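What follows is a short report on a single structure.
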Amino acid sequence: SRGNYRHFMLKEIHEQSEVIAKTLEGRLGDGHVMTNIFGSGSDALMSDVRHIQIVACGTSYHAGMVARYWIEKMAGVPTQVEVASEYRYRDGVVPDNTLFVTLSQSGETADTLAALRHAQSHGGYLASLAICNVPGSSMVRESDLSLMTHAGPEIGVASTKAFTTQLVSLLMLTLALRYARSGDDALQARLVGALRQLPQLINQGLALDGDIERLSSAFAEKHHALFLGRGPMFPIALEGALKLKEISYIHAEAYPAGELKHGPLALVDSDMPVIAVAPNDELVEKLKSNLQEVRARGGELFVFAGENVSISEGDGVHVLRLPEVDEVIAPLLFTLPLQLLAYHVAVLKGTDVDQPRNLAKSVTVE
Ligand code: M6R
């Protein structure tokens with residue numbers, strides 16, 4: 001039931017702290033992630049993996065895009081990510097010892113399942129791993145290995161808690177791959193510590209709900225919005241744009257901020273709100289100069305910024321602060337305000353938040 005919440009989506013947003021804690025439970029060791037959490041034989045397999053191919057759709061695809069940044073940077077394993085509807089019809093090259101990873105809330109998405117079967121019939125693969133929220137689903141049954149996200153039933157068509165529990169699972173995969181390659185180290189100890197603190201941090205992020213609700217009126221009359229991020233925050237911008245499209249029917253696009261001057265800057269004027277996700281990471285100075293370019297063209301800026309990022313409120317610049325956080329964890333934290341923003345804009349517009357027009361929760365046909 002929805003309990004005291006007006007919509008399932010809002011309830012599911014607020015459950016994220018609890019379900020992330022459940023997803024982590026029993027999977028963190030002392031200073032590293034346990035390598036056997038993907039099923040029997042998975043610890044031995046982790047060190048044999050030479051390439052990773054991730055396949056998914058929609059929001060799950062965005063989780064895969066974040067994972068690529070994490071896996072290549074911290075585990076050093078070359079990783080590719082592709083939407084399932086493209087992958088399944090393409091005769092791509094599969095390098096030896098590839099781990100084939102599907103990401104899916106439902107475990108029944110037709111294209112993702114077909115991509116898995118396509119991979120299994122083509123060889124080159126070491127093993128398949130499903131990161132999935134529904135136990136006993138087709139994807140889990142047909143994969144060699146699995147890791148369940150413990151998000152619980154997700155009713156809202158717009159995926160929220162499934163996404164953040166996928167991210168947590170993918171960070172555990174990253175750290176398991178690293179451990180299998182180099183044993184214990186300070187980075188793993190740091191991130192295992194950060195993961196343990198995460199449920200509490202998520203609640204701090206959700207405390208922004210009231211501020212975001214006040215901000216949402218600035219969007220209700222708009223026809224377009226542009227989301228910007230860099231590095232692993234680019235897929236988070238994509239996810240923010242997808243959420244806004246799905247439930248508020250406002251046309252939204254996301255760009256890696258460095259691409260602005262290669263085209264989309266032409267769209268920016270005072271009718272185009274620009275939302276930026278700006279944690280205190282190694283790319284924040286570059287992002288800030290991209291935002292100045294937007295402001296110079298009259299674009300109104302809504303910046304979700306880390307506590308210590310030096311950017312100030314002013315004419316046409318709205319800044320909302322999020323707690324300072326390890327930059328690896330930032331994609332998880334900065335997802336929350338974008339989910340809340342889409343939700344409040346949709347409520348203001350009076351759309352059917354939990355069942356947006358034209359969409360189904362589980363896409364079991366092509
Ligand atoms: O069940 P899956 O994770 O495989 O579903 C994939 C997409 O259909 C899903 O994420 C969709 O994009 C959501 N409506 C996004 O909010």
Side-chain angles (χ1 to χ4, degrees), residues 7-13 15-16 19 23 54-67 81-88 100-119 128-143 146-170 227 235-250 252-254 335-336 338-343 345-346 351-366:
H7 296 99
F8 279 107
M9 182 185 180
L10 189 61
K11 174 172 180 262
E12 289 161 3
I13 289 173
E15 281 171 354
Q16 288 176 106
V19 297
T23 302
I54 301 176
V55 166
C57 301
T59 288
S60 297
Y61 169 65
H62 297 153
M65 286 180 74
V66 174
V81 191
E82 192 163 344
V83 289
S85 56
E86 286 301 313
Y87 186 86
R88 65 179 289 194
F100 186 81
V101 182
T102 53
L103 305 175
S104 179
Q105 188 288 125
S106 61
E108 302 295 346
T109 299
D111 282 324
T112 313
L113 205 51
L116 170 64
R117 291 173 183 158
H118 175 84
S128 52
L129 164 65
I131 295 182
C132 186
N133 195 42
V134 179
S137 59
S138 307
M139 215 118 26
V140 172
R141 281 186 280 112
E142 296 187 25
S143 299
S146 62
L147 183 70
M148 302 313 299
T149 51
H150 294 306
E154 192 182 60
I155 310 293
V157 165
S159 185
T160 53
K161 60 178 182 169
F163 180 67
T164 46
T165 54
Q166 281 171 345
L167 288 180
V168 161
S169 303
L170 287 161
F227 288 72
I236 299 307
L238 283 167
E239 175 58 10
L242 179 62
K243 288 288 92 89
L244 192 69
K245 279 186 264 218
E246 281 190 293
I247 60 169
S248 78
Y249 314 147
I250 294 174
E253 282 197 70
T335 296
L336 308 173
L338 304 187
Q339 295 171 340
L340 288 166
L341 181 66
Y343 174 77
V345 175
T351 61
D352 190 347
V353 171
D354 285 332
Q355 288 201 299
R357 66 187 185 197
N358 310 342
L359 301 176
K361 178 65 188 163
S362 192
V363 185
T364 54
V365 287
E366 197 179 341

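Counting starts at 1 for both ligands and their atoms, following the listed order. Counting begins at 1 with the first residue of the sequence. No hydrogens, no waters, no symmetry mates; every other heavy atom, side chains included, goes into these values. If you're wondering where the values come from, they're calculated on a predicted model, not measured in any experiment.
The closest side-chain donor-acceptor pair between Gln339 and Glu239, if any, does not fall under 3.5 angstrom. The closest side-chain donor-acceptor pair between Lys243 and Thr59 falls under 3.5 angstrom.
In terms of polar-atom proximity, defined here as any N/O pair under 3.5 Å, Lys361 makes no such contact with ligand 1. Considering backbone and side-chain N/O of Gln166, none are found under 3.5 Å from N/O of ligand 1.
Each of the following atoms of ligand 1 lies closer than 4.0 Å to a heavy atom of Ser60: 2 (P), 3 (O), 10 (O). Near Ala158, with a cut-off below 4.0 Å to any heavy atom, the atoms of ligand 1 are 16 (O). Against a heavy-atom cut-off of under 4.0 Å, Lys243 is close to the following atoms of ligand 1: 15 (C), 16 (O). Each of the atoms 13 (C), 14 (N), 16 (O) of ligand 1 lies under 4.0 Å from some heavy atom of Val157. Of all atoms in ligand 1, numbered sequentially from 1 with element shown, those under 4.0 Å from a heavy atom of Ser104 are 1 (O), 2 (P), 3 (O), 4 (O).
From the protein, the heavy atom lying nearest to atom 8 (O) of ligand 1 is Val363 CG2, 4.0 Å. The closest protein non-hydrogen atom to atom 7 (C) of ligand 1 is Cys57 O, 3.7 Å. Taking atom 12 (O) of ligand 1 as the reference point, the nearest protein heavy-atom neighbour is Gly58 CA, 3.3 Å. Protein heavy atom at the shortest distance from atom 10 (O) of ligand 1 is Thr59 N, 3.1 Å. Protein heavy atom nearest atom 5 (O) of ligand 1, with residue, atom name and distance: Thr109 OG1, 3.5 Å.
For Phe100 and Tyr87, the distance between ring centers is under 6.0 angstrom.
Here Glu108 has no heavy atoms under 4.0 Å from ligand 1, in either its backbone or its side chain. Residue contacts with ligand 1 for Glu246 involve side-chain atoms from C-beta outward but no N, CA, C or O (heavy atoms, distance under 4.0 Å).
The pair Lys361-Glu154 counts as a salt bridge, with a side-chain nitrogen and a carboxylate oxygen less than 4.0 angstrom apart. The pair Arg357-Asp352 does not meet the salt-bridge criterion, since no charged nitrogen lies less than 4.0 angstrom from a carboxylate oxygen. A salt bridge does not link Arg88 to Glu82: none of the charged nitrogens lies less than 4.0 Å from a carboxylate oxygen.
Of all non-hydrogen atoms in Thr102 and Met139, the two that sit nearest each other are OG1-CG, 3.5 Å.
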Please lay out, stage by stage, how Phe163 and His62 fare under the test ring-ring contact (aromatic ring centres under 6.0 Å, His included).
CA-CA 8 Å; Phe163 180 67; His62 297 153; 7.1 Å; no
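Heavy-atom separations between Thr112 and ligand 1 are all 4.0 Å or longer.
The backbone N or O of Ala130 sits nowhere less than 3.5 Å from a side-chain atom of Ser146 that would complete a donor-acceptor pair.
Side-chain contact between Ser248 and Tyr343 is absent, with no heavy-atom pair separated by less than 4.5 Å.
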